Asker: 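Input: one structure, supplied below.
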Amino acid sequence: MPELPEVEVVRSGLAPALVDATVSAVTVHDARALTRHPGSVDDFEQSLRGAHVVAVCRRGKFLWMPFTPAGGSNAARAVVAHLGMSGQMLLRFSGAPVERHERIRLDIDHPHHGALAVVFADQRTFGSLALDPLLPTTDAAPGGFGADEATVPAQVAHIARDPLDPALDETRLRRLWARKRSAIKRVLLDQTVISGIGNIYADEALWGARIHPETPADALSARHVTRLLAEIRAVLDKALAEGGTSFDAQYVNVNGQAGYFAHSLHAYGRTGAPCHRCGRPIARVSFMNRSSHFCPSCQRMPRTR
DNA sequence: CTATGATCCTGCGAGC
DNA sequence: TGCTCGCAGGATCATA
Ligand SMILES: [Zn+2]
């Protein structure tokens, strides 16, 4: 569910309440939410109790919160959060009732905001929390959005920088795209090439750039690539400004409010509806177990010689 | 090495 | 009403 704009909405909502907060209690309701945590449930709870949160950071769809342990001063580890398909991070008052699909709750004390609860809820359980060591970035740039330090959690090290990251290596990106024979849609979803793009924004960016989703990436001209990159950034920026895409109550910000970018969609979820450019019906094809929505008229495969 | 499809899980709406 | 089917914002792993 959450792609870069939705995750960034969550990050910016969490940051004021979490930066400088101290974890007073940890409640794990469902251990499946810790499948990516390298240690035990006990280790998770004990390591976090008394911890002091230093920052709330994001790269692509990954969130992490560097922390100093109780009695320590060195932020060697971070809480890594990935929302998967259905995860939410919710801010609640201390003692608020257990949420539907609540998996983990962190009770925190903040010097200005007092006692709060950070709730990780996740219907489909593809999301997770984990404690992970922070490693230096290979390019010496800050780890991601919201990060001052040039570090990333070990679990995020293989994730490429995202389109809104000033340190994104565009030369590398172009080189990788030019080398891949897979459909551009699949390549856009490969988080090791560029991160943050999911099924919605891939379809929207391809519609905007008038590129057929099944075009082999290596068949794209330099002009196509430039157009696609511009569309990716434009759609992510606009979605972020509108609070992300919400089809139901599943994607919400930390206060449970929906975003309204769903009104701005041109391709995703519009099967059979008229294309906003040419009026012909939007088509839907299925591959890699997901749907691609596109206009067969505006988005032609490049002629193959 | 690259490329592809299956898989994890829960819930909802459509159709019978 | 109650059942089955298809589908859902993601990432990873096994197989060619
Ligand atoms: Zn069209």
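What you see is a predicted model, and the numbers here were worked out from it, not measured in a lab. Each chain gets a letter, A, B and so on, in the order its sequence line appears, and its residues count up from 1.
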Asker: Counting only side-chain nitrogens and oxygens, does A:H82 get under 4.0 Å of the OP1 or OP2 atom of C:dA11?
Answerer: yes
Asker: In this structure, how many angstroms lie between the P atom of B:dT2 and the CG atom of A:D190, rounded?
Answerer: 10 Å
Asker: What integer number of Å spans the P atoms of B:dC12 and C:dA11?
Answerer: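 That atom pair is separated by 23 Å.
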Asker: Scan every strand shown for a Watson-Crick or G-U wobble partner of B:dC9, both distances under 3.5 Å, and answer none if you come up empty.
Answerer: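 Its partner: none found.
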Asker: Any base atoms under 4.0 Å from A:S246, or only sugar-phosphate, or nothing? Heavy atoms, all strands.
Answerer: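 Contact class for A:S246: none.
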Asker: Decide, applying a 5.5 Å centre-distance limit and a 30° plane-angle limit (both strict), whether A:F126 stacks on C:dA11.
Answerer: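 No.
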Asker: Output the single nucleotide from C:dA8, C:dA11, B:dT4 whose closest atom is nearest the side chain of A:R186.
Answerer: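 Nucleotide nearest to A:R186's side chain: B:dT4.
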Asker: For the pair made of CZ in A:R179 and C1' in B:dT2, what is the distance, rounded to whole Å?
Answerer: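 Interatomic distance, CZ of A:R179 to C1' of B:dT2: 11 Å.
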Asker: Are side-chain N/O atoms of A:T22 and A:D109 paired as donor and acceptor at under 3.5 Å?
Answerer: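 Side-chain D/A pair, A:T22 to A:D109: absent.
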Asker: Does A:F247 reach a base, just sugar-phosphate, or nothing at all? Heavy atoms under 4.0 Å.
Answerer: base
Asker: What does A:R32 touch in the nucleic acid at a heavy-atom separation under 4.0 angstrom: a base, only the sugar-phosphate, or nothing?
Answerer: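 Sugar-phosphate, no base atom in range.
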Asker: Nearest-Å distance, CE (A:M288) to P (C:dC7)?
Answerer: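 My rounded result for the distance is 16 Å.
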Asker: For the side chain of A:Q123, starting at C-beta, report the closest nucleotide among B:dG11, C:dG10, C:dT12.
Answerer: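 For the A:Q123 side chain, the nearest candidate turns out to be B:dG11.
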Asker: Rounded to the nearest angstrom, tell me the gap between atom CG in A:D203 and atom C1' in C:dA8.
Answerer: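 Computing the A:D203:CG to C:dA8:C1' distance gives 13 Å.
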Asker: Can you find a side chain N or O atom of A:R290 that sits less than 4.0 Å from OP1 or OP2 on B:dG5?
Answerer: no
Asker: Using whole Å, report how far NZ of A:K185 lies from C1' of B:dT4.
Answerer: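 In whole Å, B:dT4 C1' and A:K185 NZ are 15 Å from each other.
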Asker: Per the atom types in the model, does the base of B:dG11 pair as donor or acceptor with the side chain of A:R100 at under 3.5 Å?
Answerer: no
Asker: Using whole Å, report how far CG of A:L176 lies from C1' of B:dC1.
Answerer: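 Nearest whole value for this atom pair: 14 Å.
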Asker: If you assign A:S182 and A:N289 each to the DNA chain B nucleotide with the nearest heavy atom, which residue ends up on the more 5' nucleotide?
Answerer: A:S182
Asker: Indicate yes or no: does A:E99 engage A:R105 in a salt bridge with an N to O separation below 4.0 Å.
Answerer: no
Asker: Kindly say whether the aromatic ring centers of A:Y268 and A:F261 come within a distance under 6.0 Å.
Answerer: no
Asker: Sticking with atom P, work out how far B:dA6 lies from C:dG6, rounded to a whole angstrom.
Answerer: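 That atom pair is separated by 14 Å.
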Asker: Under 3.5 Å, is there a donor on one side chain and an acceptor on the other for A:T245 and A:Y201?
Answerer: yes
Asker: Using the side-chain heavy atoms of A:R181, tell me which of these nucleotides is nearest: C:dG10, B:dA3, B:dT10.
Answerer: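 Of the options given, the side chain of A:R181 lies nearest B:dA3.
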Asker: Looking at every strand, decide which applies to A:Y268 at a 4.0 Å heavy-atom threshold: base, sugar-phosphate, or nothing.
Answerer: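 A:Y268: base contact, heavy atoms under 4.0 Å.
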Asker: Could you tell me if A:D203 and A:H293 have a donor-acceptor pair between their side chains, going purely by distance under 3.5 Å?
Answerer: yes
Asker: Among B:dT10, B:dA3, C:dA8, which nucleotide has an atom closest to any side-chain atom of A:H101?
Answerer: B:dT10
Asker: Kindly indicate whether the side chain of A:R124 and the base of C:dA8 share any N or O donor-acceptor pair separated by less than 3.5 Å?
Answerer: yes
Asker: Rounding to a whole Å, what distance do you find between A:F287:CZ and B:dA3:P?
Answerer: 14 Å
Asker: Can A:T215 and A:H212 be counted as having a side-chain donor-acceptor contact under 3.5 angstrom?
Answerer: no
Asker: Starting at the 5' end of DNA chain C, which residue's closest nucleotide do you reach first, A:T192 or A:S291?
Answerer: A:S291
